[in-house]
Amino acid sequence: MSPRQFRRGGGGRGRPRPGGRPGGRGRAADRRGPLTPAVDDQGANGVALAPRELELPPMMTVEDLAKLLELRPAAVIQGLIKSGIFATMNQIIDYDTAAIVAADLGFEVSEAAPGVQSIGQTTDEEEAPLEELSAEELALLVPRPPVVTVMGHVDHGKTSLLDRVRQAKVAVGEAGGITQHIGAYQVDVLVDDQPRKITFLDTPGHEAFTAMRARGAQATDIAVLVVAADDGVMPQTREAIDHAHAAKVPIVVALNKMDRPDINPDRVKQQLADSGVLVEEYGGEVPLVPVSARTGDGIDDLLTTIALVADVADLKANPNRQAAGFVVEARLDKARGPVATVLVQQGTLHAADAVVIGTVTGKLRALLDDQGKRITSAGPATPVEVLGLSAVPRAGDRLAVVDGEKAARQQVALIERAAERESGRTSGDVSLEDIFTRMQAGEIRELNLVVKADVQGSIEPLVTSLERLEEEGLRVRVLHRGTGNVTESDVMLAAASKAIIIAFNVRLEPGASGAAEAQKVDVRHYDVIYNVIDDVRRALVGMLGPRFREVVYGHAEVRQIFPVRKGGAAAGCYVTDGQITRNSRARVTRDEQLVWEGGIAMLRRVKDDVREVAAGYECGILLDGFSDFREGDVIEAFGREQVS
């Protein structure tokens with residue numbers, strides 16, 4: 001027997017007895033089918049028969065288990081009651097519970113291998129790469145429209161560009177303009193006189209793009225990078241580039257605001273090259289299209305270029321299967337209930353389909369296209385609004401069509417069971433501690449890093465040194481580098497790419513701290529470059545020492561400044577949150593910029609030296625080597641704790 005078989009002992013206890021009649025030999029016992037012999041059964045010649053093997057799915061209803069055992073549901077319910085489990089015929093039970101009943105009846109049970117489904121249940125698995133499909137599966141694939149996300153720096157014209165595309169090229173069938181906006185839409189374009197469709201995701205930019213990747217939705221085929229011809233490459237432009245590269249999607253550059261007089265396209269192209277985007281004019285593979293969202297110039301060329309890039313990618317899907325996709329956005333409508341905008345990726349979604357979206361189920365009441373019109377079905381790469389869900393799902397959640405509402409409940413139970421197992425983990429998907437183990441197992445070949453530092457002068461030597469590291473074929477890949485504190489966008493990129501964040505002389509912003517904890521992203525704080533290099537090198541050879549994390553104890557605001565006898569000044573402060581402790585480290589920030597970092601020399605409450613001061617109280621703070629206080633400065637008390 002396998003380790004997960006019947007946990008109360010080895011063999012069975014005689015023939016199954018439907019109805020639980022002691023010693024009874026009812027009809028089910030007399031007409032034992034091929035699935036119900038007990039351990040002590042004997043053949044016609046008196047030779048004992050081996051127990052029958054039975055595979056059970058991870059989740060099933062009591063009725064499904066009865067069918068597998070060839071018994072009446074009442075007999076299975078009675079078997080569950082004997083084990084102290086009370087369940088109805090339609091109640092979902094897990095493998096462990098079902099195994100108890102089956103083993104009691106003499107079966108040798110095992111759990112179905114991954115991918116084996118419960119009765120009537122379908123799974124939402126990613127499509128295999130084209131090169132891994134059989135000839136029969138390839139024959140079912142047909143070309144599909146590309147899915148495009150527009151990204152770029154704020155005020156560079158993303159929204160104006162999308163509005164211009166929507167007004168000029170919205171998919172055929174609209175009457176009197178756009179009737180509603182659902183976060184995704186299709187446009188028509190002619191390429192070599194052939195009509196083509198392009199699907200646009202109207203998301204807030206690279207943050208939403210990466211948040212979907214973090215939840216497992218590889219949503220985009222092509223990223224359109226909008227760059228203003230007068231401003232050039234800006235910090236958010238570089239972030240968008242790094243996010244697109246991490247997702248391994250092709251980029252098309254839309255050089256916007258070409259109608260302005262003060263533009264310098266050559267300077268922008270050089271800046272793009274410096275940021276890792278080499279346009280075709282410079283010998284690269286990235287198309288660059290000059291456009292003006294204000295006048296509409298170049299919009300047709302941009303759409304044609306997107307269609308040609310899609311041709312190179314050879315995007316295909318099988319429309320003749322149950323639909324799978326993901327949620328672009330969702331909301332609760334007072335009149336219609338939960339409403340979700342869904343992008344179908346594989347198969348065809350039909351009105352009245354039973355669906356599972358995360359832990360939300362539903363039987364669809366209606367499908368609406370991007371013009372608000374009711375439709376009966378939606379094929380691959382088609383955005384559609386769906387009605388009839390039991391609750392509001394999250395953006396990025398996967399959608400799968402299942403064989404009925406019972407199968408939907410089974411699927412949700414399976415997802416919740418997997419989530420319970422996942423919640424028991426204490427470490428993230430990738431941490432520096434387990435890099436060597438995963439490398440030895442062949443699970444990863446690249447160590448992805450996001451590097452944030454206080455100044456640009458620290459980034460270049462740090463990144464250069466890290467990218468030179470290579471041990472046993474495992475290389476370091478820096479997905480994104482930048483100055484300033486670790487932001488929530490950095491955390492989402494790390495979560496989506498299974499990366500580790502290196503924080504060099506910077507800290508986490510409040511939103512980033514919560515996101516890192518929720519997404520289980522490993523954030524490492526350093527103040528010496530050699531320590532970063534040594535830690536990563538040790539991780540690659542499996543010799544990493546203890547891990548420390550930064551813990552913020554509290555904050556105090558400087559209200560007054562007092563001179564001290566030996567020169568310098570002390571700060572009269574009010575503790576706004578947490579607590580200030582005498583033996584903690586301290587950093588002074590002014591207008592959210594780091595001014596100084598060091599130790600606390602003295603902490604006083606009224607006239608007494610104290611070890612700590614809690615929130616809501618005033619105190620005097622003398623720092624070890626800093627006295628250039630200003631009213632409004634914030635003193636942050638922090639320390640480093642070893643992570644077990």
Side-chain angles (χ1 to χ4, degrees), residues 210 214 239 242 246 425-439 444 446-471 474-553 584-585 587 594 597 636 638-644:
T210 306
E239 283 193 17
D242 291 338
R425 297 184 180 180
T426 58
S427 60
D429 288 338
V430 175
S431 65
L432 211 52
E433 281 84 359
D434 65 3
I435 289 299
F436 181 74
T437 303
R438 290 176 178 240
M439 179 194 73
I444 56 172
E446 280 187 333
L447 171 55
N448 292 329
L449 297 178
V450 173
V451 179
K452 296 300 290 284
D454 53 345
V455 293
Q456 190 67 33
S458 300
I459 291 178
E460 293 309 321
L462 180 56
V463 170
T464 302
S465 300
L466 286 170
E467 289 182 336
R468 287 175 180 167
L469 294 177
E470 181 177 357
E471 297 287 344
L474 179 66
R475 299 187 179 186
V476 173
R477 179 185 177 208
V478 177
L479 299 177
H480 174 63
R481 68 191 77 179
T483 57
N485 291 332
V486 177
T487 65
E488 192 169 353
S489 175
D490 297 325
V491 173
M492 295 309 298
L493 173 59
S497 307
K498 300 191 186 305
I500 293 162
I501 296 178
I502 302 296
F504 186 79
N505 281 334
V506 294
R507 56 196 178 94
L508 277 79
E509 292 184 351
S513 180
E517 185 175 347
Q519 298 289 337
K520 294 181 170 50
V521 171
D522 189 358
V523 182
R524 297 256 169 173
H525 294 269
Y526 297 94
D527 52 16
V528 179
I529 288 181
Y530 300 111
N531 291 344
V532 184
I533 308 305
D534 288 345
D535 264 10
V536 174
R537 182 183 290 111
R538 289 191 189 105
L540 300 187
V541 296
M543 297 175 60
L544 190 65
R547 173 190 171 193
F548 294 86
R549 66 174 178 177
E550 181 178 291
V551 179
V552 176
Y553 302 132
S584 62
R585 298 274 294 170
R587 57 169 65 98
L594 180 65
E597 182 177 312
E636 180 179 73
F638 69 98
R640 301 186 194 279
E641 295 181 356
Q642 183 172 336
V643 179
S644 57

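Atom set for the values below is all heavy atoms of this structure, side chains included, hydrogens, waters and symmetry mates excluded. Model, not experiment: these values are computed from the prediction.
- Contact of the Leu479 side chain with the Asp242 side chain is not registered, since no non-hydrogen atoms from C-beta on lie closer than 4.5 Å.
- To the nearest 0.5 angstrom, Arg524 atom CZ is 11.5 Å from Asn531 atom CG.
- With sequence neighbours left out, the side-chain contact (heavy atoms from CB on, under 4.5 Å) criterion links Glu467 to Val463, Val478, Arg481.
- One distance of note links CG of Leu447 with CG of Leu469; it measures 9.0 Å at 0.5 Å rounding.
- Residues passing the side-chain contact (heavy atoms from CB on, under 4.5 Å) test with Arg585, sequence neighbours excluded: Glu597, Phe638.
- Residues Leu508 and His525 meet the side-chain proximity criterion, which asks for heavy atoms closer than 4.5 Å.
- Nearest approach of Ala503 to Val486, heavy atoms of both residues: CB-CG2, 4.0 Å.
- With a 4.5 Å cut-off on side-chain heavy atoms, Ile529 and Phe504 count as touching.
- For Thr487, the side-chain contact (heavy atoms from CB on, under 4.5 Å) partners at least two apart in sequence or on another chain are Lys452, Ser489, Asp490, Glu509.
- What you find for Val523 and Ala516 is that their closest heavy atoms are CG2-CB, 4.1 Å.
- Partners of Glu636 under the salt bridge (charged side-chain N to carboxylate O under 4.0 Å, His left out) rule, at least two apart in sequence or in another chain, are Arg507, Arg587.
- Taking both residues in full, the closest heavy atoms of Ala499 and Leu449 are given as CB-N, 4.1 Å, listed atom of the first, atom of the second, then distance.
- Looking at residues two or more places apart in sequence or on another chain, you find a side-chain hydrogen bond (donor to acceptor under 3.5 Å, both in side chains) between Tyr526 and Asp535.
- Using a 4.5 Å cut-off on side-chain heavy atoms (C-beta onward), Val536 and Leu466 make contact.
- Remark: Thr483 engages Gln456, Ile459 in a side-chain contact (heavy atoms from CB on, under 4.5 Å) (not counting sequence neighbours).
- Using modelled atom types, no side-chain atom of Asp454 and backbone atom of Asn505 make a donor-acceptor pair closer than 3.5 Å.
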